[in-house]
Amino acid sequence: MVRREGIARERIDDREVVSAITHRVVTRLSHDELDILLNETVFMEEKRLRGTKDPGDAEYLAMLREVRSRLARASQRDLENLMRRVVETYAGEIHGHFDANTYASATKVLPKGLALLLKRQKPWKLLTQGMRGLTLADRIVTSGAIETFDRLVEKGTVVLVPTHLSNMDSPVVGFALHQNNLPPMIYGAGINLFTNWLLSYFMDHLGAYKVDRAKKHRLYKECLKEYSQYSIERRWHSLFFPGGTRSRSGRVETHLKKGLMGTGLAAYQENLRAGRENPRVWFIPCTINYRLVLEAETLVEDSLAEEGKARYIITDDEFSRPDKVLNFVRKMAAMDSSVEVFFGEPLDPFGNQVDENGDSLDPQGRPFDPAGYVTRDGEVIADTQRDFVYTNRLSEAIGAAFLRDNVLFETHVFAAVMHRMLSLVRPGLDLYRRLLLGPEDRSFSTLQVDAEIDHLMGALRALRDDGKVRLNRALATGSAQDIRHAAIGQLGLVHSVAAVRDRGDGTILLEEPKLALYYANRLEGYPLPPPLPLGGAS
């Protein structure tokens, strides 16, 4: 059964949604310099799509060029009509087509057949390949403030804000919601993921709306923000990744994008202004934690590369290889608790903690009505600068929750140990030069490695006891030898090159330092002691 909450509460008229988004954007921007705004749109899109051979892109560009040709002689009404034409195109592209029946069917099929959604081949070919026992969903462990989450979806609108490491994140968090009888949520998905026809069909009907991150001009961004605000106002529980794209470095995201985050505050104010029932909006931070990440090799290369600072979408990573995806899913399904999803304590749009009843709490833990932040004498007061400050506070609170609720695995700790030891080999070298050191500088005795594991785990367990990080079960109780054996085995499972190798002669080789760095970076942001001197355990 589908829980009839959020977007599943009502039948959605797609034409009505597109029309509403178009009207709202045009109305809000009508006092801007529309000729400049439209000209910027055409210029940036022509530059982006220069040389394209895609028929759909060509038709889209033809429409934009026609708009530009009419700008010079357009009246204000003409400009609004031209903008309406462009905005309607974007709104139609962005809007998903949630269908409760498709959702009900998919939640029965997905746990046993995730690979069907990820393969480019037709389903009947896959059915002959023997996928019996492929149950990645059985390896997804959920914990955290689930009861509070369950109560809040009945009292207002919930915005789930997870960390983002992999293209697996959307189906993984979908499993987690379904496992806990939480309602379906709408979520933004990169438009590049819709190139797989079967995955596209399910995503389009399970609440996904399309986000084209290659469109960087203001008009498109305004359409995205308006869609998010409109959805929250309609009490469609939403999910978006505040880090933007997948974490290239593997670090926990702390510098978050505030554009969509601010739509929760805007929707709350509009709900108050309109006197709507259940006007409250809450944000629930969520960490999605993996032992292994399929795309790690490509992501860390992109992070380290100079041009990685400018690249925004990777279309040729491991996730685009169906054979690699299926192999990854099979191996992850064989691991115990290979993915952990933690739902954090809720926050209001101002960054305040929220209790199980949905009440905002002051620093002393006392409940209060947050409407006073944005109203005066019962009237909502518009103040852009004030709202910017509030959204910054929310961003900082979510970033702090990400670090606090981050779940570490053996792979993270062991990779960090190897890089901590590597940093001592040539102390004067920067990171990029250390990555180029030869095998003789990247080899350490097992005794040294185990001593550093014990040293690091002492600090991490103290942080865990203080509520500043989470450790998976094996880390919480395992010995240095247990952690080392497990991590070496796991890091050699799914990547083309093993990150670390036991040479069998009492030494451990950091074989692929860039790949190990990706996993080691999960410990960035925590107050950790310096590594032990290399000679201390020999």
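When reading the values below, keep in mind they use all heavy atoms of this one structure, side chains included, and skip hydrogens, waters and symmetry mates.
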Any side-chain heavy atom of [X] sitting closer than 4.5 Å to one from [Y]?
{"X": "L523", "Y": "L456", "value": "yes"}
{"X": "I483", "Y": "V417", "value": "no"}
{"X": "V252", "Y": "E524", "value": "no"}
{"X": "N472", "Y": "E410", "value": "yes"}
{"X": "L463", "Y": "P527", "value": "yes"}
{"X": "L435", "Y": "L304", "value": "yes"}
{"X": "L160", "Y": "H237", "value": "no"}

Return yes if a side-chain donor-acceptor contact under 3.5 Å exists between [X] and [Y], otherwise no.
{"X": "N406", "Y": "Y526", "answer": "yes"}
{"X": "H164", "Y": "E253", "answer": "no"}
{"X": "Y390", "Y": "R386", "answer": "no"}
{"X": "D169", "Y": "Y290", "answer": "yes"}

Spatial distance of atom [atom1] ([X]) from atom [atom2] ([Y]) [nearest 0.5 Å]:
{"X": "S231", "Y": "I94", "atom1": "OG", "atom2": "CD1", "result": "10.0 Å"}
{"X": "Q269", "Y": "L265", "atom1": "CD", "atom2": "CG", "result": "4.5 Å"}
{"X": "L403", "Y": "I398", "atom1": "CG", "atom2": "CD1", "result": "13.0 Å"}
{"X": "D454", "Y": "R461", "atom1": "CG", "atom2": "CZ", "result": "7.5 Å"}
{"X": "L517", "Y": "Y519", "atom1": "CG", "atom2": "OH", "result": "12.0 Å"}

Under the side chain to side chain donor-acceptor pair (under 3.5 Å) rule, collect the residues that match up with [X], sequence neighbours excluded.
{"X": "Y373", "result": "N352"}
{"X": "K514", "result": "E301"}
{"X": "T287", "result": "N289"}
{"X": "Y227", "result": "H95"}

Look only at the side chain of [X] and the backbone of [Y], and say whether a donor-acceptor pair between them is shorter than 3.5 Å.
{"X": "T391", "Y": "F388", "value": "no"}
{"X": "H178", "Y": "F175", "value": "no"}
{"X": "E452", "Y": "L532", "value": "yes"}
{"X": "W282", "Y": "G358", "value": "yes"}
{"X": "R235", "Y": "G156", "value": "yes"}
{"X": "T411", "Y": "R291", "value": "yes"}
{"X": "R404", "Y": "G467", "value": "no"}
{"X": "R248", "Y": "R246", "value": "yes"}
{"X": "T477", "Y": "R473", "value": "yes"}
{"X": "Y268", "Y": "A371", "value": "yes"}

**OP:** Output, in order, the C-alpha distance, side-chain angles, deciding distance and verdict of side chain to side chain contact (heavy atoms under 4.5 Å, CB included) for I288 and L165.
**Re:** CA-CA 8 Å; I288 307 174; L165 282 170; over 6 Å; no
Please identify each residue that fulfils side chain to side chain contact (heavy atoms under 4.5 Å, CB included) with [X], with sequence neighbours left out.
{"X": "D466", "result": "K468"}
{"X": "V211", "result": "Y209, R213, L224"}
{"X": "A266", "result": "Q229"}
{"X": "D482", "result": "S479"}

| task | Test side chain to side chain contact (heavy atoms under 4.5 Å, CB included) on D450 and I453 and set out the steps. | result | CA-CA 5 Å; D450 287 352; I453 292 174; 4.1 Å; yes
Correct closest heavy-atom pair for Y518 and S247 would be CE1-O, 3.9 Å
When every non-hydrogen atom of I284 is compared with those of P346, the smallest separation belongs to CG1-CB, 4.0 Å
Sorted by chain and number, sequence neighbours left out, salt bridge (Lys or Arg N to Asp or Glu O under 4.0 Å) with R280 holds for none
Residues passing the salt bridge (Lys or Arg N to Asp or Glu O under 4.0 Å) test with E270, sequence neighbours excluded, are R273
The ring pair (Phe, Tyr, Trp, His ring centres under 6.0 Å) partners of H419 (sequence neighbours excluded) come to none
For this session: Give me the ring orientation class for F283 and F240: parallel if the planes are under 30° apart, tilted from 30 to 60°, perpendicular past 60°.
Result: perpendicular
TODO: Check whether more than 12 heavy atoms from other residues, nucleotides or ligands sit under 6.0 Å from atom CZ of F368, and answer yes or no.
DONE: yes
(Q) One thing to verify: whether R234 and E10 come together as a salt bridge, which I'm taking to mean a side-chain N less than 4.0 angstrom from a carboxylate O. (A) yes
May I have the list of side-chain donor-acceptor pairs in residues 143-152 shorter than 3.5 Å, sequence neighbours left out?
| from | atom 1 | to | atom 2 | distance (Å) |
| --- | --- | --- | --- | --- |
| D150 | OD1 | R3 | NH1 | 2.6 |
| D150 | OD1 | R3 | NH2 | 3.4 |
| R151 | NH2 | N357 | OD1 | 2.9 |

